[in-house]
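Ligands are counted one by one from 1 in listed order, and the atoms in each one are counted from 1 as well. Sequence positions, counted from 1, serve as the residue numbers for this chain.
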Amino acid sequence: MNTDVDVLIAGGGIGGLVTALCLHKAGFSVQIYEASLTLKSLGVGISIQPHGIKFLYELGLAEDLDKLGIRARATQYYSRNGQFIYEELRGLEAGYNWPQYFVHRGDLQLLLWKHVLEKVGKSSVVLGHKLIGFESFAEHIEVKFLDRSSNEIVKKSAKLLIGADGINSTVRTILYPDEGPPVWSGVAMWRGVQRVDKLFLDGRTMLLMGNPNRRKMVVYPINANSICWLCNVRLDGPGAKLHKTADWNTIGRVEDILPLFEEMKIDFLDISNMIRTTEKVWEFPMTDRDPLPKWTHNRVTLLGDAAHPMYPIGANGAAQAILDAQALVQCFQRYGPTVEALEEYDNIRRTAATAVVTSNRQGGPQQVLRIVDEHSPNGFKDIRDIISKEETDATFNEYNRLAGFDPNLLNNEPNVFPNDETGKNTLANDKQKES
Ligand SMILES: Cc1cc2nc3c(=O)[nH]c(=O)nc-3n(C[C@H](O)[C@H](O)[C@H](O)COP(=O)(O)OP(=O)(O)OC[C@H]3O[C@@H](n4cnc5c(N)ncnc54)[C@H](O)[C@@H]3O)c2cc1C
């Protein structure tokens, strides 16, 4: 049966774009249908761990990532009154062969678009087309899109369909019509980007402060002139009825958070001023979804947030979508664009991603902040009276292992495209440059 392409991808976010790049590189024909009418840099900062970066380097993004973002050196944890708790090294400094990056999410998406248009082709991305339905047949799948400009229905055929359409995925709703909206943690998140003349600390450090179960602040640089911040506030218990739609583009109000974060003080950053002088603030309810029993249904599967939306903890949301794309292309390399490939992808990735979703519900490595805050709300004399180094190290190591970024495992993992020079590890390249 002749189809328009091997694979149709619904959704041109980070997951969909990386999937298009790697499937094309492996020799399969792909086309992305994206609901948005235009390409705009949306969102604030995100952080991508070395396991995701390794694959982006293989896809030829190393140089561009260095221009776009910041190579992370460390994450530092502080109590709500600014007392230092713990420093966790990141990226190359933590022994990985690849850096961790802090970047603007929208800028990364635009960079990936550029690579897709250049490498896969100008017609590989169709904007303003929202997936509204699909039907599987013996040898192909027929997918229906609403052309939002003309209001007409467009039908396309492919061997397979990948639903990479985010936390409010239509593909997922069609597969699981009774699931309902995302599950709210009871925490509301406000986010913004502040323009600065000078970055704080060494310009490569993320700051985490407060108590994830009460009020938490995260701040990190995303380029030479901008820092991204997130304020989390618990408004209700886990599983409470969503107070706002889970829409990444909802505008927030500085007045709602400023009074709540005035108690947070730290000597190298004026937090109140940072919030007050940020031009635009967004609000999003911290949500995820209960893990699914199956992602693959015949000729359709889910990927990224459509498959496993998770709390933004541990710098994992985008990286897990990238790992999905990597696993998917490896299955295609083994089985071709077939139902078997999608089944194998489901087997490999669903359990792994579910473990991260579940761990993030428990707070991931940020549990350390909660423990310290609950035991010493007015500060501490010696952090070791509150939590031992062994307990802290064990929490971080366990999360790293579970989320798939154990440095020893990652550094020894073979490349997906072993005969390609593009993805040679940067540590080796950096050392060559220095010598
Ligand atoms: C506008 C926006 C802003 C975001 N901002 C942040 C942020 O500031 N911080 C953060 O941690 N995470 C943010 N995220 C989420 C983050 O991008 C993801 O958690 C992560 O990168 C995984 O990406 P994804 O590609 O699976 O999903 P997403 O990034 O959500 O991408 C899904 C894509 O699918 C498109 N789409 C949706 N429905 C359809 C449909 N029916 N047919 C076709 N296309 C469809 C969407 O327009 C979107 O481009 C944002 C997501 C979006 C869409």
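- For Y78 and Q76, the side-chain atoms include at least one donor-acceptor pair closer than 3.5 Å.
- Surrounding CD of E63 are at most 12 heavy atoms belonging to other residues, nucleotides or ligands under 6.0 Å away.
- For residues 162-172, every residue pair satisfying the side chain to side chain donor-acceptor pair (under 3.5 Å) rule, not counting sequence neighbours, is listed here: D165-S169, R172-E179.
- When the ring pair (Phe, Tyr, Trp, His ring centres under 6.0 Å) test is applied to F134, no partner is found at least two apart in sequence or on another chain.
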Just list the N/O pairs, ligand 1 to protein, that are under 3.5 Å apart, with the distance for each.
unit_1, atom_1, unit_2, atom_2, d
ligand 1, 5 (N), R191, NH2, 3.4
ligand 1, 8 (O), V44, N, 2.9
ligand 1, 8 (O), R191, NE, 3.0
ligand 1, 8 (O), R191, NH2, 3.1
ligand 1, 17 (O), R105, NE, 2.8
ligand 1, 19 (O), D305, OD1, 3.2
ligand 1, 19 (O), D305, OD2, 2.6
ligand 1, 25 (O), I14, N, 3.2
ligand 1, 25 (O), G15, N, 2.8
ligand 1, 26 (O), D305, N, 2.8
ligand 1, 29 (O), R105, NH2, 3.0
ligand 1, 41 (N), L131, O, 3.3
ligand 1, 41 (N), T170, OG1, 3.0
ligand 1, 42 (N), L131, N, 2.9
ligand 1, 44 (N), A35, N, 3.1
ligand 1, 47 (O), E34, OE2, 2.6
ligand 1, 49 (O), E34, OE1, 2.7
ligand 1, 49 (O), E34, OE2, 3.3

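- Among residue pairs with one or both ends in residues 190-236, those qualifying as ring-ring contact (aromatic ring centres under 6.0 Å, His included) are F102-Y220, F200-F268; sequence neighbours excluded.
- Classified by interplanar angle (parallel below 30°, tilted 30° to 60°, perpendicular above 60°), the ring pair Y57/Y101 is tilted.
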